[in-house]
Amino acid sequence: MLEAVRGQSPLVQNITNYVAMTISANVLLAAGASPAMVHAEEEVADFVAIASALVVNIGTLSPSWVSGMEIAAKAAAQAGKPWVLDPVGCGATPYRTEVARRLAALKPTLIRGNASEIMALAGAAGAAPKGVDSSAGSHEAIESARGLAKETGGVVAVTGETDFVVSATRTAAIEGGDVLMTASTGIGCALSALSGAFLAASPDAFDATVGVMAVYASAGSIAARGAGGPGDIPARLCNALYRLDREELRANAAIREL
Amino acid sequence: MLEAVRGQSPLVQNITNYVAMTISANVLLAAGASPAMVHAEEEVADFVAIASALVVNIGTLSPSWVSGMEIAAKAAAQAGKPWVLDPVGCGATPYRTEVARRLAALKPTLIRGNASEIMALAGAAGAAPKGVDSSAGSHEAIESARGLAKETGGVVAVTGETDFVVSATRTAAIEGGDVLMTASTGIGCALSALSGAFLAASPDAFDATVGVMAVYASAGSIAARGAGGPGDIPARLCNALYRLDREELRANAAIREL
Amino acid sequence: MLEAVRGQSPLVQNITNYVAMTISANVLLAAGASPAMVHAEEEVADFVAIASALVVNIGTLSPSWVSGMEIAAKAAAQAGKPWVLDPVGCGATPYRTEVARRLAALKPTLIRGNASEIMALAGAAGAAPKGVDSSAGSHEAIESARGLAKETGGVVAVTGETDFVVSATRTAAIEGGDVLMTASTGIGCALSALSGAFLAASPDAFDATVGVMAVYASAGSIAARGAGGPGDIPARLCNALYRLDREELRANAAIREL
């Protein structure tokens, strides 16, 4: 599936947070996709028309950005183009939760978040995150993910030590990656961005999501090996994505359908 | 004190400039803290309620952001939570100086800036900076820092070749770091961000500030050794913060109370 | 010419996109210049008054930013200070094309873009870009560049595998760099930023532009050699710019006046 991304080089439009923009663009470029960051209400819909996928990330939201997100999400849905929602910090403040729910109601092809975010988005009890970090393990959010998948008709990915990909009827678990990835900012956001490229290059959203999780876990494991610390993760992750071949992919991530 | 940050992993809310967001988040993560970038008027006060400290940096200010800064600073003050002001470029334009002074009037626990910024904020003569860079040595700003410390009842740190930490009654000088740190963007801003974590994890603001300055100087010295140039500083600084132990800290920075 | 930048350390004001801010600042710092990111309508003109050059990049534009860009560009023109326009994604959406044309009408000293952007800005047929990436080779945009140069009275640079620098009467081609540079985000934007420093430090805009293209191609070639992938480019490019000497410059880039 990484080969399809490299071959098609899909144009992925991102409306994402300030912190993760650079690493998101770099991860997409390293995997062979073509990123663009376009958020203004004046042009988001025009850009969706030429993009292959849209990624919406509420990490550093404000009203005019949210308005751009909604216009873009509606345009993507109408055009039948895949779009990803990353509900960063959902549950941390009422504003954030409300915006995330409004966007989720626009039926994203994929929602990707940590356990706290997915649980808060689904309205599960006891989900209060620690700011933008999760206070729960990814397995605790599987039921919430299933509920969201049924509501949206899409796929939900809960990332953590083990990543879970959930649709209305299917569940997969992906193992791999490294704890160092959590000590470098925007690595999860960049995975949401990369998911857009995989959704654009693959006919099935569940398979595309499992594929991107496995590729990322694999590249993350490779990046962490030999790293001097978390500071080396962004560069090494991009290098790994750029070079990754089938054999390395297989050796560094494990997929189980549950 | 770094152990306290690692142990408590304080949630540090940042309203900071676009250039330094990524390195600020990465420095906080590397030191074991939990960063979040939250600036919208719609949610800043709600986020302060769950954060352990607030950092306000005016590097790329505009009116709606300034409004978020003021709401957040007032909320932090009211809740008795420590907050840091980084008056980037104070003195460079009237708008910037005016905003910095308005924020300083809200009595930050710590003000951290270069000599030109601190002198301009204190209204000292002859302080015109070169854009966001200082045109004076840090020792030249000690009297201005003292004046500000008396006004705010807080601590003021003037960073430069030697860093000075000043309260109404105490003064400390910290030596360490490396000139390469000045050739990489946002390193000073990230120090302000990290200061938020130390203030959250320590009962005394003066000691916390001296502590964070020593840790950063130390990590910076380690980062610069063996670096191929300024491009390597961000990653190596994060690696050093992640791994730093007491012995390295002691060997790479010197604290003198004056 | 790099020596002049290092010697004078010009203050370069940037109104640029969120993705490229950090690498733009780092490239300027590595080359010895003093960057500042200042975009608010409330202070842009005051900052132009103290800056040596202005760089305007529309990568992540929105109305209030565009307003700041126009005020700053007019202030630079009135003060006789060099300013650079980087029309990122011109041609991708009507809004972007319209804004780029309005800014070009303010007669930038230098316009730097990829082939698609320059052709779209000049109104050439068949120029539709792929998002913010070019769909044409740089040589295809030479006539468009000439037309723009005549309109603005300035210089136009079309970057790509070969870079072309064009004025009303002169043309130069610069060879060097490496394809890895295109797999790391903001490298082109950072070149526009660095161009501001060279224009500030040199009396002739054409020569300054040829100079900065050669320095960047050279540093890029050095950065790519020994890189583990695109992830290493930002840091290695800054290291190369920081250390570059005449001999390396000559060995790693070729200039031909056509």
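What you see is a predicted model; the values in this text were computed from it and never measured. Letters A, B, ... mirror the listed sequences (proteins, then strands); counts begin at 1.
- With a 4.5 Å cut-off on non-hydrogen atoms, Phe47(A) touches chain C through its backbone and its side chain both.
- The CG atom of Asn239(A) sits 8.5 Å away from atom CG of Leu180(C), with the distance rounded to the nearest 0.5 Å.
- Options Ser9(A), Gly32(A), Ala20(A) differ in how many heavy-atom pairs under 4.5 Å they form with chain C, and the most are formed by Ser9(A).
- Nearest approach of Ala40(A) to Tyr95(C), heavy atoms of both residues: CB-CE2, 4.3 Å.
- For Thr22(C), no part lies near chain A; criterion is any non-hydrogen pair under 4.5 Å.
- For Thr16(A), no part lies under 4.5 angstrom from a heavy atom of chain C.
- Residue with the most contacts toward chain C among Gln13(A), Glu41(A), Met21(A), Arg236(A): Met21(A) (heavy-atom pairs, distance under 4.5 Å).
- Of all heavy-atom pairs between Glu42(A) and Pro63(C), the closest is OE2-CG, 3.1 Å.
- Across all their heavy atoms, Ala235(A) and Asp232(C) have their closest contact at CB-OD1, 3.8 Å.
- Remark: Leu11(A) CG to Asp133(C) CG distance equals 8.0 Å, nearest 0.5 Å.
- Across all their heavy atoms, Leu29(A) and Ala183(C) have their closest contact at CB-O, 3.5 Å.
- Residue contact with chain A, scored on non-hydrogen atoms closer than 4.5 Å, involves the backbone of Ala227(C) exclusively.
- Atoms CD1 and OG1, from Ile15(A) and Thr60(C) in turn, are 12.0 Å apart once rounded to the nearest 0.5 Å.
- Heavy-atom pairs under 4.5 Å with chain C were tallied for Ile23(A), Val27(A), Ile50(A); the largest tally goes to Ile50(A).
- With contacts defined as side-chain heavy-atom distances shorter than 4.5 Å, the pair Glu43(A)/Leu61(C) qualifies.
- Under the 4.5 Å side-chain criterion, counting only non-hydrogen atoms from C-beta, Arg96(C) is in contact with Val38(A).
- In Glu98(C), the CD atom is crowded: over 12 heavy atoms of neighbouring residues, nucleotides or ligands sit closer than 6.0 Å.
- Note on Ala45(A), Ala30(A), Ser34(A): by heavy-atom pairs under 4.5 Å with chain C, the leading option is Ser34(A).
- The structure places CG of Asp46(A) at 9.5 Å from OG1 of Thr97(C), a figure rounded to the nearest 0.5 Å.
- Of the listed residues (Ser62(C), Ser184(C), Gly89(C)), the one with the most heavy-atom contacts under 4.5 Å to chain A is Ser184(C).
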